[in-house]
Student: 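What follows is a single structure, and I will ask about it in a moment.
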Amino acid sequence: MMALVDCNNFYVSCERVFNPTLEGRPVGVLSNNDGCVVARSNELKALGVEMGAAMHLLSPQIRRQAILLSSNYALYGDMSRRVTEVLGEFSPHVEVYSIDESFVGFQGCDPDTLEQQGRALRATVKQWTGIPVSVGFAPSRVLAKVANHAAKKHPAYREQGVCKLMADSIDTQALLKQLPVMELWGVARRTGERLRVMGIETAWDLRMANPKQIRRHFSVVQERIVWELRGQPVIQLDDMSEPKQQIMVSRSFGRLTGNPHDLREALRQHAARAGEKLRKQGSVTSAVMVFIRTNHFRNDLPQYTNRVVISLERPTNDSREGYAYQKAGLMLLDLSPKANRQLTLGETPQTEADAQRSESLMATVDKLNRELGRGTIQMGLPRKGNAWALRSERRTPRYTTQWNELMTVVL
DNA sequence: TCTGGGGTCCTAGGACCC
DNA sequence: TCTGGGGTCCTAGGACCC
């Protein structure tokens, strides 16, 4: 058996830990540039605000009632780390799945004791971090997701915040029969629509479907969901300690811009951040993709989007004008471990001394930025009032990672 | 004025091989 | 009328996740 532990309304809960007056009120956390609502308190959900709702399309009434905060990723990342630490007290097997969810192994535990352990886990996380979580136990990941969902929403479980689903219990059957297939982990709109055409509407219908037939019509991914619904764990999670295969850094701009200086500055900033991520996982890259695009929501403006892949021997700069760009980013492709780095044919080998200097310079830059805050050392200084700087007008202090911001709260 | 960012896996189809 | 068969590798794009 395993548990899926999911933090309730995570970003909002983080904000509430440090500002308890937010309890019981409709609170939302916004995406970058204060663009969309990406986390909602139950009270905000009750007002009918959907996940991903565009901020500027919210009714004046909602905006008056709700407290909408810019996202504070330094805070959420740090709180996430603390929650994960507590989970480690309950099991040696913790797989971090996302910033607010982890699978926790309970292999070999007496199933009759699980609910009790779940309640203890919940209470401990709440006491040590202030974050409320829900716990779903099941023999497979897909069922654990269903159990977790029930622990949050279902009248029979939400009081406790814990739900256990055995593969063949009556409870499991009842729950799956109520659950629209599209609410399953791994089934979204496209697949859901095609399943409905085949007469498969609930999670129970999918569980009873013929796995081989599902594979023929869809893919091995969907087939695995059928086995998982039957309680057979067949989905493996990627080992989070494995290095990433691609690294992307991209941001929408604070305002639209066609100024080549803006584009260059933004890309330089993104490249620096991507390099940091790359070095952190000990990889090197041999190809960089750079992309820019206009705002596709603006039907009134000419649209343009393009990307160029640059092989690193011959880096080029490509800048165009005449469009109002909304977003730029870059992706490091074709990553490999630093240790295996191969010389390409015709490449002039770097001398040992040069390699050494470059290595220690980058290590120093990373260290300073890590310890003194991002942006302490930058490659080239951005101009004032640039169009690409993020808008973030309602961010709370970074309570757990910046002393100076904590002081402003105390005073 | 104004609509997020960062990933993964799988499949289909083309290029190429013998 | 009629143009092999079987394989690998790579890439683009779809679908999905939070």
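Just so it is clear: chains get the letters A, B, ... in the order the sequence lines come, proteins before strands, and each one is counted from 1.
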Student: So if I take every side-chain heavy atom of C36(A) and compare against dT3(B), dC18(C), dG7(B), which nucleotide ends up nearest?
Tutor: dT3(B)
Student: Answer yes if the side chains of E15(A) and Y399(A) hold a donor-acceptor pair under 3.5 Å, and no otherwise.
Tutor: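 E15(A) vs Y399(A): no donor-acceptor pair found between side chains.
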Student: If we ignore hydrogens and angles and just use 3.5 Å, is the side chain of N148(A) paired with the main-chain N or O of S134(A) as donor and acceptor?
Tutor: yes
Student: Between dT8(B) atom C1' and I247(A) atom CD1, what is the distance in whole Å?
Tutor: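 About 14 Å, once rounded to whole Å.
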Student: Any salt bridge between R207(A) and D168(A), counting N to O under 4.0 Å?
Tutor: yes
Student: Tell me the interatomic distance from I99(A), atom CD1, to dG6(B), atom P, rounded to whole angstroms.
Tutor: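 It works out to 13 Å between those atoms.
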Student: So what does N33(A) touch, heavy atoms closer than 4.0 Å: a base, only the sugar-phosphate, or nothing?
Tutor: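 The answer is nothing, as N33(A) stays clear of every strand by at least 4.0 Å.
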Student: So which nucleotide from dT3(B), dC2(B), dC18(C) ends up closest to the side chain of L256(A)?
Tutor: dC2(B)
Student: Without decimals, in angstroms, what is the distance between K277(A) NZ and dG5(B) P?
Tutor: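 Interatomic distance, NZ of K277(A) to P of dG5(B): 12 Å.
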Student: Nearest whole angstrom, please: distance from the C1' of dG7(B) to the OH of Y73(A).
Tutor: 14 Å
Student: Side chain of K244(A) only, please: which of dC17(C), dG5(B), dT8(B) is the nearest?
Tutor: dT8(B)
Student: Return whichever of R224(A) or V249(A) has its heavy-atom-nearest nucleotide of DNA chain B closer to the 5' end.
Tutor: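 This one resolves to V249(A).
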Student: Which of these nucleotides, dT3(B), dG7(B), dG4(B), is closest to any side-chain atom of S31(A)?
Tutor: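 Nearest to the side chain of S31(A) among the choices is dG4(B).
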Student: Regarding N72(A) and T396(A), is there a side-chain donor-to-acceptor distance under 3.5 Å anywhere?
Tutor: yes
Student: Compare side-chain N and O positions of S250(A) against OP1 and OP2 of dG4(B) and report whether any pair is under 4.0 Å apart.
Tutor: no
Student: Using whole Å, what does the distance between atom P of nucleotide dG4(B) and atom CG of L57(A) come to?
Tutor: 11 Å
Student: Provide, to the nearest angstrom, the distance between the CE atom belonging to M51(A) and the P atom belonging to dC18(C).
Tutor: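 Going from CE in M51(A) over to P in dC18(C) covers 10 Å.
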Student: Do Q61(A) and S59(A) have side-chain N/O donor and acceptor atoms under 3.5 Å apart?
Tutor: no
Student: Whole Å only: how far is the NE2 atom of H56(A) from the P atom of dC2(B)?
Tutor: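 In whole Å, dC2(B) P lies 8 Å from H56(A) NE2.
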Student: Would you give me the side-chain donor-acceptor pairs under 3.5 Å for residues 22-31 of chain A, sequence neighbours excluded?
Tutor:
| from | atom 1 | to | atom 2 | distance (Å) |
| --- | --- | --- | --- | --- |
| R25(A) | NH1 | T21(A) | O | 3.4 |
| S31(A) | OG | G35(A) | N | 3.4 |
| S31(A) | OG | C36(A) | N | 2.9 |

Student: Are R230(A) and W227(A) in a cation-pi contact, defined as NZ or CZ under 6.0 Å from the six-membered ring centre and within 45° of the axis?
Tutor: yes
Student: Say whether Q326(A) and T294(A), considering side chains only, have a donor N or O and an acceptor N or O under 3.5 Å apart.
Tutor: no
Student: For the pair made of CG in L330(A) and P in dG7(B), what is the distance, rounded to whole Å?
Tutor: 11 Å
Student: Just to be sure I understand the rule, does R251(A) reach a base, reach only the sugar-phosphate, or reach nothing, if contact means heavy atoms closer than 4.0 Å?
Tutor: sugar-phosphate
Student: Would S98(A) and D100(A) count as having a side-chain donor-acceptor pair, cut-off 3.5 Å?
Tutor: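 There is such a pair between these side chains.
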Student: For R298(A) and for R215(A), find the nucleotide of DNA chain B with the closest heavy atom, then tell me which residue's nucleotide is more 5'.
Tutor: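 Nearest nucleotide further toward 5': that of R298(A).
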Student: Between N295(A) and dT3(B), is there a side-chain N or O to OP1/OP2 distance below 4.0 Å?
Tutor: yes
Student: Applying a 3.5 angstrom cut-off to the pairing atoms, does DNA chain B sit in any stems of at least three consecutive Watson-Crick or G-U pairs? List them by first number.
Tutor: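 DNA chain B forms these stems: B:5-18 with C:5-18.
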Student: Is any side-chain N or O of K327(A) closer than 4.0 Å to OP1 or OP2 of dG5(B)?
Tutor: yes
Student: Report each atom pair, protein N/O against N/O of nucleotides 9-16 of chain C, whose distance is under 3.5 angstrom.
Tutor:
| from | atom 1 | to | atom 2 | distance (Å) |
| --- | --- | --- | --- | --- |
| dA15(C) | OP2 | R190(A) | NH1 | 3.0 |
| dA15(C) | O3' | T191(A) | OG1 | 3.4 |
| dC16(C) | OP1 | A188(A) | N | 3.2 |
| dC16(C) | OP1 | T191(A) | N | 3.0 |
| dC16(C) | OP1 | T191(A) | OG1 | 2.3 |
| dC16(C) | OP2 | R190(A) | N | 3.4 |

Student: Give the nucleotide from the list dG6(B), dC17(C), dC2(B) with an atom nearest to the side chain of Y97(A).
Tutor: dC17(C)
Student: Is the closest basic N to carboxylate O distance between K280(A) and D366(A) below 4.0 Å?
Tutor: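 Here K280(A) does not pair with D366(A) in a salt bridge, since their nearest N and O are not under 4.0 Å apart.
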